[in-house]
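So the structure is just underneath, and the comments pick up after that.
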Amino acid sequence: RGELQSITDNNQSSAEKSTASSVGASGVIYVNKAGLYTETDDGKMKWVAEASLGDSADYLGEKKEADRTDGQKRTFFHVKLNGKAYWVQDYSYEPDTVSAFISGQDVILYKSESLAAMTDEYIPQYTIIAVYKDSLEKTDNKFIKIAAYSPELISSWVVKEKYIKRDAVETDRTSVEAMILAQVGMESKNDTIRTELFQNAIEIGSPYSDTIAALQSLSEIIMQEEIFMKDITSEKIHEKVTAAEDLNLFSIPDIHSARTVGILKAGTTATASRKYLKKDESSESEEEWLYVQSKQKKGWVQASLIKKQQ
């Protein structure tokens, strides 16, 4: 899990300085179903409840490392949520922040407020993030400082005190409230709950209602794709491959029903982690598919269009 990935030492020391002046400030929980913990008599953190995406919790002024009851050492913030004191892991919460979401497509992360400080990673569109209040107030600044959590990232799923361009962030309260509901709906596996969440999101009446309706349709397609993948058997592999030409990356290994989820440029090196042999019942032939990944680009490709490295 991404929560197991450590934040860099620089990010940790910078974050610790900022939290010293954030006592009593509200902050955003930007991970759905983030664990809420209480401390046992022997100093271990015991899971007792879950927070919802977008919950606002007051920072009580203490941040420390502690063992969970499963023996895993983590860093926790002491917070107050819905009138109760809890501990929450730092990968999911940041003091003195407000909710927002990524409105631009494939928004590049920057290490600082410099146009030359871009990284090679991006945050997917509509991801719910936390925006630092002090950065939000600097309206003349081209950049805005964020915290986030995204399994789509490579170096670490956890983002602390990184920057993105301000025009790629939506902070309007009504729009953010609607998108939070939509993103929770995207995660739900229960048909009834998912439908209700999207309906609630649309009824809020934000400027993103049409976008949210499109996300609802996408969520149903993704559910069908997950069913498709459960019904097939693929082999785990580890091979270096190169795209022989510009290739579409597909959501599932079926050219007729798959979505295009990216493009792998000719000459790009990738790692193939799964292999699937699709049988043609009419001709009894087999078509080989590979699941490949190059940085944040990933998806299924036909093996005939890929060069395997020796």
Side-chain angles (χ1 to χ4, degrees), residues 1-22 25-32 34 51 53-57 59 63 74-77 79 88-172 175-176 179-180 183 293-298:
R1 292 177 56 87
E3 65 179 85
L4 303 181
Q5 301 188 17
S6 62
I7 309 168
T8 63
D9 292 340
N10 286 341
N11 280 352
Q12 283 182 329
S13 60
S14 178
E16 285 166 3
K17 290 177 183 177
S18 67
T19 55
S21 59
S22 301
S26 63
V28 173
I29 293 176
Y30 46 85
V31 175
N32 192 36
L53 182 64
D55 275 350
S56 180
Y59 177 48
K63 179 182 180 182
R74 296 290 181 265
T75 301
F76 294 84
F77 284 108
V79 302
V88 61
Q89 290 182 194
D90 69 338
Y91 81 94
S92 62
Y93 172 81
E94 188 69 14
D96 214 13
T97 58
V98 295
S99 296
F101 68 85
I102 302 295
S103 56
Q105 187 170 5
D106 296 342
V107 174
I108 298 293
L109 278 172
Y110 287 75
K111 291 177 285 187
S112 69
E113 296 171 297
S114 167
L115 291 172
M118 67 175 61
T119 70
D120 61 355
E121 293 190 288
Y122 59 86
I123 298 187
Q125 194 171 28
Y126 308 127
T127 300
I128 304 300
I129 61 173
V131 171
Y132 291 85
K133 294 176 184 176
D134 60 349
S135 177
L136 186 63
E137 294 165 359
K138 299 174 182 177
T139 56
D140 58 340
N141 196 319
K142 190 179 187 69
F143 289 94
I144 199 163
K145 184 169 60 173
I146 70 164
Y149 176 87
S150 174
E152 297 299 315
L153 297 173
I154 303 300
S155 59
S156 173
W157 292 1
V158 180
V159 173
K160 293 282 190 179
E161 297 195 323
K162 292 288 178 66
Y163 296 83
I164 57 178
K165 290 183 177 178
R166 184 177 295 268
D167 60 7
V169 180
E170 180 60 75
T171 58
D172 172 70
S175 298
V176 173
M179 191 58 70
I180 286 172
Q183 288 301 328
Q293 180 166 357
S294 175
K295 295 184 178 178
Q296 287 180 254
K297 295 183 181 295
K298 53 189 175 181

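We're numbering straight along the sequence, starting at 1. All values derive from a computational prediction rather than experimental measurement.
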Are any non-hydrogen side-chain atoms of [X] and [Y] less than 4.5 angstrom apart?
X      : Y      : answer
Glu94  : Tyr30  : yes
Leu115 : Lys142 : yes
Phe76  : Lys63  : no
Thr97  : Val131 : no
Lys165 : Met118 : no
Ile180 : Phe101 : no

Pick one: which of Leu109, Asp106, Ile164 meets side-chain contact (heavy atoms from CB on, under 4.5 Å) with Tyr122?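 Testing Tyr122 for a side-chain contact (heavy atoms from CB on, under 4.5 Å) against Leu109, Asp106, Ile164 leaves exactly one candidate, Asp106.
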Are the charged groups of Arg166 and Glu113 less than 4.0 angstrom apart, N to O?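 Looking at Glu113 together with Arg166, the answer is no, because their closest N to O distance does not fall below 4.0 Å.
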Looking at [X] and [Y], what are the two nearest heavy atoms and their distance?
X      : Y      : value
Asp134 : Lys138 : O-CG, 3.4 Å
Gln296 : Ile154 : CG-CG1, 3.7 Å
Val176 : Ala100 : CG2-CA, 3.8 Å
Ile102 : Ile123 : CG1-CG2, 3.7 Å

Measure the spacing between [atom1] of [X] and [atom2] of [Y] and express it to the nearest 0.5 Å.
X      : Y      : atom1 : atom2 : answer
Tyr59  : Ser26  : OH    : OG    : 13.5 Å
Phe143 : Ser135 : CZ    : OG    : 10.5 Å
Glu170 : Ile128 : CD    : CD1   : 10.5 Å
Asp90  : Thr75  : CG    : OG1   : 4.5 Å
Glu137 : Tyr132 : CD    : OH    : 14.5 Å

Do Tyr126 and Gln183 have side-chain atoms, one donor and one acceptor, less than 3.5 Å apart?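 Note: Tyr126 and Gln183 side chains miss the donor-acceptor criterion.
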Could you go through the salt bridge (Lys or Arg N to Asp or Glu O under 4.0 Å) check for Lys111 and Glu121 one step at a time? CA-CA 11 Å; Lys111 291 177 285 187; Glu121 293 190 288; over 6 Å; no
